[in-house]
Amino acid sequence: MAASSSSSNGVGGIHSSSGSSSSIGSSRSGSNGRGDGSTSSSGDGSGCCNAEGGMQEVFASLWGKEIFCPLGMEEETSLPPVIAKFNFVEVLRSVQDQGVGIIFISVRWKWQQPDPEGFDFTVMNYVQEQVCGQGLKLAVVLDTDATPTWVARRFPDGVLRDVLNLTRGAATFNHAGALELAHAWHDAVLRQLAANNASCIHSIQPSFNNEYESKYSQERDAPQDYSPAAALAFREYVKGVRAGLGHWNQRWATSFDDWEAVEPPKFYQHGEHYNSTMTDLFYWDWQHFRHKRLHSVHEACCQRIAAHGFRCIMHFPEVFNSGHAIYGASAVFTLAASPWLDYIIIDSNFVTMSVRPNDVRIVQILLSAMKPFAKPVFFEGAFEQIADPKLHRQAVQLTAASGAHGMGFTNWLDRVNHTTFFRDTLRDMPATPACGPPVAILTPYRSYVAFKGAPFANAETRELAANDPQQDLLFACLDVLEKELPSLAGLQIFGVPTMLLPVLQNFEQVWYVEPDVLLSGDASTIARIQERAGALGVPLRSCIEKKAPPIVLPECCPSL
C-alpha cells in the first residue's frame with residue numbers, strides 16, 4: 001500500500017504520495033497479513049533497512065486547534081473564513097510544493113455532534129474538498145477525547161476519572177454505552193469521508209487521548225482510568241482469569257471481603273513514587289489490565305475502520321522510558337503487531353519528562369524499536385517544545401538513514417516559516433537508506449512499567465532529575481555500540497523477547513540491557529535466548545554491568 005509515485009517533488013529522496021495510495025478495498029494479503037505492500041525491514045536481521053529506497057511519504061498535521069484559530073475555521077462560521085491569520089489553500093499549496101504529500105487533520109466529536117440529534121460535517125467537508133482538490137492525500141484523527149457534554153448527561157459514569165477522581169468529561173472506552181455512542185460517531189464520519197471522496201483518504205486514526213496518541217489521556221500526570229466502569233471491567237477481567245477472591249487477596253496482600261469491594265490500586269507519579277510499586281503485584285496486575293483494555297479497544301476501532309474500506313494508522317509516544325506506567329504507552333508493542341494496524345507513527349518532542357532537551361538519538365531508538373514489526377513507520381517531530389529547524393533536520397536525517405517509510409511534522413504552523421521550512425529540512429536526503437551490520441538490542445518493554453515518572457535529583461529540594469534514568473541506559477548502550485561498529489544502520493531493538501528468539505541466528509551480535517525487574521514470562525524467554533545464542537555462537541553481551549540480577553515477578557494473566 002501507499003507505494004511511491006515516480007514523480008519528483010524536487011526534494012531529494014522524497015517521493016510524492018499524491019495519487020500513490022492503493023485503491024480502497026484492494027487486496028490485503030501482503031506480508032503483514034493485510035496487504036500493505038511494505039518492504040520495510042522486519043526482524044530478520046537484514047542490515048539494509050528498506051529495499052524501496054528513501055522515505056516514501058511526508059505528512060504535515062493541521063490539528064483541530066490550528067484549524068479553529070490560525071486558519072479561522074469552525075462549525076459556527078461561514079466557509080471559507082473572511083478573516084484568518086493564514087490562508088488555508090495557500091498553506092496547502094506551499095507545503096505541497098516543498099514535498100509534503102499528506103495533510104493530517106483531526107475532527108472533534110463535540111464539534112461534529114454538539115447535540116445527539118445529528119451531525120455537522122461542514123468544516124470536514126470543506127477541508128477534504130480543498131486537500132483532495134489540491135492532489136494531496138488526507139489522513140484523519142477521530143478525536144473522541146473531545147466529547148460532547150451531552151454524553152456525560154446521558155451516562156454520568158461514562159466519563160474518564162483519574163486517580164484524584166477528577167474528570168474533564170471525556171468519554172471512557174470502559175463504559176459500554178459511552179463507547180457505543182463514540183462508535184456511532186466514528187461510523188458517521190467514515191461514511192461521510194467515503195461519500196465525499198474515498199480515493200484521497202490515506203488513513204484513519206482512532207484516538208481517545210488528548211495528545212492524539214494511542215495511550216491514556218495526559219492530564220496532570222495523573223493516571224487514568226479510575227471510573228466506576230473501569231473498576232467494574234477490572235474486576236470482571238481478573239474474575240475471568242481466576243474466580244476465587246482468596247487467590248487474589250493472597251497474591252495482592254489484600255483483604256477484600258467480596259468482589260464488589262475490589263477497587264483498582266491507586267498509583268502516583270514522580271519523586272518518591274518513582275519505583276515505590278516495583279514489586280507490588282496488585283500494581284502490576286492493574287497495569288496488565290490497563291494495557292489489555294487499551295489494546296483491545298484500539299484494535300477493534302481499526303477493524304471498524306477497515307470495514308469502511310480505509311487503512312488504520314496510530315500515533316505512539318516515546319517508549320523505553322519511565323513514563324510507560326502513567327499512560328500505558330507500552331501498548332505500542334502489541335498494537336504494532338496487530339494485523340489490523342496498517343501504519344505506525346512514533347513521535348517525539350525532543351524533551352525529557354522534566355522538559356529538558358533530550359538526545360536527538362531518541363529518533364534512532366524509536367525507529368529501531370519499530371523495525372521488527374515490518375510495518376510502514378513514520379517518525380513525527382513535534383515543535384511545541386523545541387522548534388529549532390536544525391534539530392528537526394537532524395531528526396529527518398536519522399529517519400532517512402534508518403529506512404523509515406516516512407516523516408511527519410506536527411504543531412509547526414505558527415512556529416516555523418512554512419513557506420521554506422519543509423524544503424530546507426527535507427533537501428538532499430539520501431535516496432537510499434544506510435546499511436550496517438545486523439545487530440540487535442534486547443530490552444524488555446514490560447520492565448519499564450516498574451517506574452513511574454521522574455525520580456528526584458535532590459530529595460531535600462524535591463527537584464526532579466533532568467534526564468530519564470531508564471532512557472539513559474539505552475543512550476549508554478548506543479555509546480557502546482557506536483564504538484564497536486562502523487554503523488548503527490542495521491540496528492534493531494527488541495522490546496518483545498519472544499520476537500527475537502526465532503530470528504536470533506540472523507544477527508551478528510546481540511546486546512542486552514538488563515532491567516531491574518522482569519516478569520516471569522520474559523525471564524523464561526530471555527533464558528532461552530541466552531541458551532540459543534550460545535548454541536548458535538551469536539555473541540550476547542550486556543551493555544551495562546548491573547550490580548544485581550533482576551527481580552523476577554510472577555505474572556497473573558495470559559500475556560498479550
*Kindly give the heavy-atom pair with the smallest separation between E555 and S520, and that separation in Å.*
N-OG, 3.1 Å
*Answer with yes or no after comparing the ring centroid distance for F208 and F173 against a 6.0 Å cut-off, counting only values under it.*
yes
*Tell me, please, which residues at least two apart from E263 pass salt bridge (Lys or Arg N to Asp or Glu O under 4.0 Å).*
R235
_Contact summary for A336 and K375, nearest pair of heavy atoms_ = O-NZ, 2.9 Å
*Which residues pass the disulfide bond (SG atoms under 2.5 Å apart) test with C543, sequence neighbours left out?*
C477
_salt bridge (Lys or Arg N to Asp or Glu O under 4.0 Å) against K266, all qualifying residues, sequence neighbours excluded_ = none
*Less than 4.5 Å apart, any side-chain heavy atom of P554 and any of R251?*
yes
_Enumerate the salt bridge (charged side-chain N to carboxylate O under 4.0 Å, His left out) contacts for residues 399-408, please, sequence neighbours excluded, ordered by first and then second residue._
none
*Contact check, side chains of W248 and D285, non-hydrogen atoms, under 4.5 Å*: yes
_Residues R293, N174; criterion side chain to side chain contact (heavy atoms under 4.5 Å, CB included); working and verdict_ = CA-CA 8 Å; R293 282 296 293 157; N174 285 305; 2.9 Å; yes
_Nearest-0.5 Å distance that lies between atom CG in L160 and atom CZ in R168_ = 7.0 Å
*Under 30°, 30 to 60°, or over 60°: which ring-plane class applies to F267 and Y226, parallel, tilted or perpendicular?*
tilted
*Any chance you could measure D342, atom CG, to C302, atom SG, to the nearest 0.5 Å?*
7.5 Å
*Answer yes when R446 and D522 have at least one side-chain N-carboxylate O distance shorter than 4.0 Å, and no when they do not.*
yes
*E272 side chain near S276 side chain, heavy-atom distance below 4.5 Å*: no
*Only one of L491, L488, I365 forms a side chain to side chain contact (heavy atoms under 4.5 Å, CB included) with I441, so which one is it?*
L491
*Take the angle between the ring planes of Y212 and W63 and call it parallel below 30°, perpendicular above 60°, tilted in between.*
perpendicular
_Parallel, tilted or perpendicular: rings of H392 and F383 (30°, 60°)_ = parallel
*Who passes side-chain contact (heavy atoms from CB on, under 4.5 Å) against L553, sequence neighbours left out?*
T279, L281, W284, V517, L519, I551
*Calculate, to the nearest 0.5 Å, the distance between atoms CZ and CG belonging to R528 and L504 respectively.*
11.5 Å
*SG proximity flag C301/C312, limit 2.5 angstrom*: no
*asked:* Does the plane of the ring in Y268 sit parallel, tilted or perpendicular to the ring in H273? Use 30° and 60° as the thresholds.
replied: tilted
*Shortest non-hydrogen contact from S330 to H291?*
O-CE1, 3.6 Å
*Look at the rings of H405 and Y343 and say which category their plane angle falls in: under 30° parallel, 30 to 60° tilted, over 60° perpendicular.*
tilted
*What is the ring orientation for F421 with F409, classed by angle as parallel under 30°, tilted 30 to 60°, or perpendicular over 60°?*
perpendicular
*From CG (N458) to CG (L464), nearest 0.5 Å*: 10.5 Å
*Does a side-chain N-to-carboxylate-O contact under 4.0 Å join D516 and K546?*
yes
*What class does the angle between the rings of W286 and F234 fall in, given that below 30° is parallel, 30 to 60° is tilted and above 60° is perpendicular?*
perpendicular
*Using the six-membered ring wherever Trp is involved, compare the ring planes of F320 and Y448 and label them parallel, tilted or perpendicular (cut-offs 30° and 60°).*
tilted
_Between F378 and F316, is the ring centroid distance below 6.0 Å?_
no
Under 3.5 Å, which donor-acceptor pairs link side chains of residues 478-486 to any protein atom two or more places apart or in another chain?
from : atom 1 : to   : atom 2 : distance (Å)
D479 : OD1    : R361 : NH1    : 2.9
D479 : OD1    : R361 : NH2    : 3.1
E482 : OE1    : R361 : NH1    : 3.2
E482 : OE2    : R361 : NH1    : 3.1
E484 : OE1    : R541 : NH1    : 3.4
E484 : OE2    : R541 : NH2    : 3.1

_Lys NZ or Arg CZ of R462 over F456 ring: under 6.0 Å, within 45°_ = no
*Kindly say whether S214 contributes a backbone atom to a donor-acceptor pair with the side chain of N209 at under 3.5 angstrom?*
no
*According to the interplanar angle, ranging from 0 to 90°, do the rings of F104 and F59 count as parallel (below 30°), tilted (30 to 60°) or perpendicular (above 60°)?*
perpendicular
